Amino acid sequence: MTDATKEYQEKRDFRKTDEPAGGAGGGSGAPIWVIQEHDASNRHFDLRIEVDGVLKSWAVPKGPSTDPAEKRLALPTEDHPLEYADFEGTIPEDEYGGGAVIVWDRGTYTNLKEDEDGEPVPVGAQLDDGHLTLRLEEGEKLAGGFALTRLQRRHEDAWLLVKMDDDEADARRNPVSTERESVKTGRTVDEVAADSAGETAGEDGDAGDGGA
Ligand code: MN
């Protein structure tokens with residue numbers, strides 16, 4: 001494989017974490033997006049969108065909002081392999097990003113930005129320009145247009161994630177607090193952590209729960 005996700009791989013010990021090492025390829029069909037809830041040292045959400053064979057990634061401390069008036073800080077993190085979109089589980093506490101992860105929502109997207117000739121602007125070029133607009137499809141919690149805009153004024157590379165004001169905008173919803181379950185397994189991030197703790201206890205031969 002290429003070293004498109006070299007930084008991702010260097011941060012992790014795949015003998016210790018169940019996260020995917022990458023290299024499975026894929027990426028045919030409509031490009032995907034995923035938002036994972038991640039109970040690391042600071043609980044946050046990770047937004048990832050497929051661009052040019054990798055998942056471009058941002059940590060969104062407060063998670064996405066369906067209210068166009070809410071701007072959510074989004075801090076870029078290293079590119080992740082495409083297979084990461086399916087990852088749910090618990091990263092060991094002493095490993096990078098230690099803590100439980102769920103697939104909070106996911107789907108495919110369409111590119112909303114066109115040039116003067118009505119041709120779509122490649123998403124990679126939109127990223128370089130510091131402003132991209134996407135329409136999320138097939139999500140269970142999120143839908144419609146979202147914009148990501150790079151902030152100019154900060155020392156660090158920081159972006160804002162904002163719901164576009166379209167038919168799917170809804171200021172009354174707050175899915176990051178009212179819709180906590182994984183769209184993959186129906187578990188909350190706390191339930192994933194508890195399940196993993198149980199498995200570890202089982203492996204260690206911890207006493208007499210007679211486990212399955
Ligand atoms: Mn994270």
Side-chain angles (χ1 to χ4, degrees), residues 4-24 31-51 53-65 70-107 109 127 132 134 136 139-142 146 148-151 154 156-163 174-177 179-197 200:
T5 56
K6 187 163 180 277
E7 184 182 353
Y8 168 88
Q9 297 186 37
E10 285 175 352
K11 286 178 185 245
R12 290 168 176 80
D13 182 344
F14 296 105
R15 293 167 301 184
K16 295 181 180 165
T17 180
D18 292 333
E19 294 164 287
I32 61 169
W33 61 274
V34 63
I35 295 177
Q36 283 154 316
E37 185 177 355
H38 184 187
D39 189 15
S41 45
N42 292 302
R43 186 178 291 213
H44 61 273
F45 291 78
D46 290 292
L47 166 66
R48 311 186 197 283
I49 60 171
E50 178 182 352
V51 182
V54 298
L55 292 173
K56 292 288 174 185
S57 299
W58 291 260
V60 183
K62 291 185 175 178
S65 176
E70 282 284 327
K71 297 177 171 65
R72 295 288 163 87
L73 187 66
L75 301 169
T77 57
E78 75 277 15
D79 295 348
H80 281 48
L82 293 181
E83 305 97 285
Y84 206 92
D86 203 42
F87 176 70
E88 183 166 303
T90 300
I91 302 165
E93 223 35 74
D94 51 354
E95 294 301 300
Y96 179 72
V101 175
I102 61 166
V103 179
W104 185 80
D105 202 10
R106 61 182 169 187
Y109 73 83
L127 283 173
L132 74 154
L134 306 173
L136 305 187
E140 294 184 23
K141 299 170 184 174
L142 299 183
F146 278 82
L148 270 164
T149 306
R150 181 184 279 132
L151 289 169
R154 298 177 64 118
E156 76 216 284
D157 188 15
W159 297 59
L160 290 177
L161 173 68
V162 183
K163 180 75 192 78
N174 187 14
V176 294
S177 58
E179 299 174 47
R180 302 295 302 272
E181 296 83 14
S182 161
V183 296
K184 180 177 176 179
T185 64
R187 297 178 296 173
T188 65
V189 74
D190 291 332
E191 288 167 347
V192 168
D195 288 351
S196 302
T200 304

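Just follow the structure's listing: the first ligand is 1, and inside any ligand the first atom is 1. These numbers come from a predicted model, not from an experiment.
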**Those residues that, when tested against Lys56, pass salt bridge (Lys or Arg N to Asp or Glu O under 4.0 Å) (two or more places apart)** = Asp79
**Fill in**
Closest to the Mn ion (ligand 1), among the N/O/S atoms of His38, is atom ND1
**Request:** With the Mn ion (ligand 1) as the reference point, give the N/O/S atom of His44 that is nearest.
**Result:** NE2
**Message:** Restricting to N, O or S atoms, which atom of Asp46 is closest to the Mn ion (ligand 1)?
**Reply:** OD2
**Parallel, tilted or perpendicular: rings of His80 and Tyr84 (30°, 60°)** = perpendicular
**Item:** Contact check, side chains of Val183 and Lys141, non-hydrogen atoms, under 4.5 Å
**Value:** yes
**Request:** Using the test salt bridge (Lys or Arg N to Asp or Glu O under 4.0 Å), find all partners of Glu70 that sit at least two apart in sequence or belong to another chain.
**Result:** Arg72
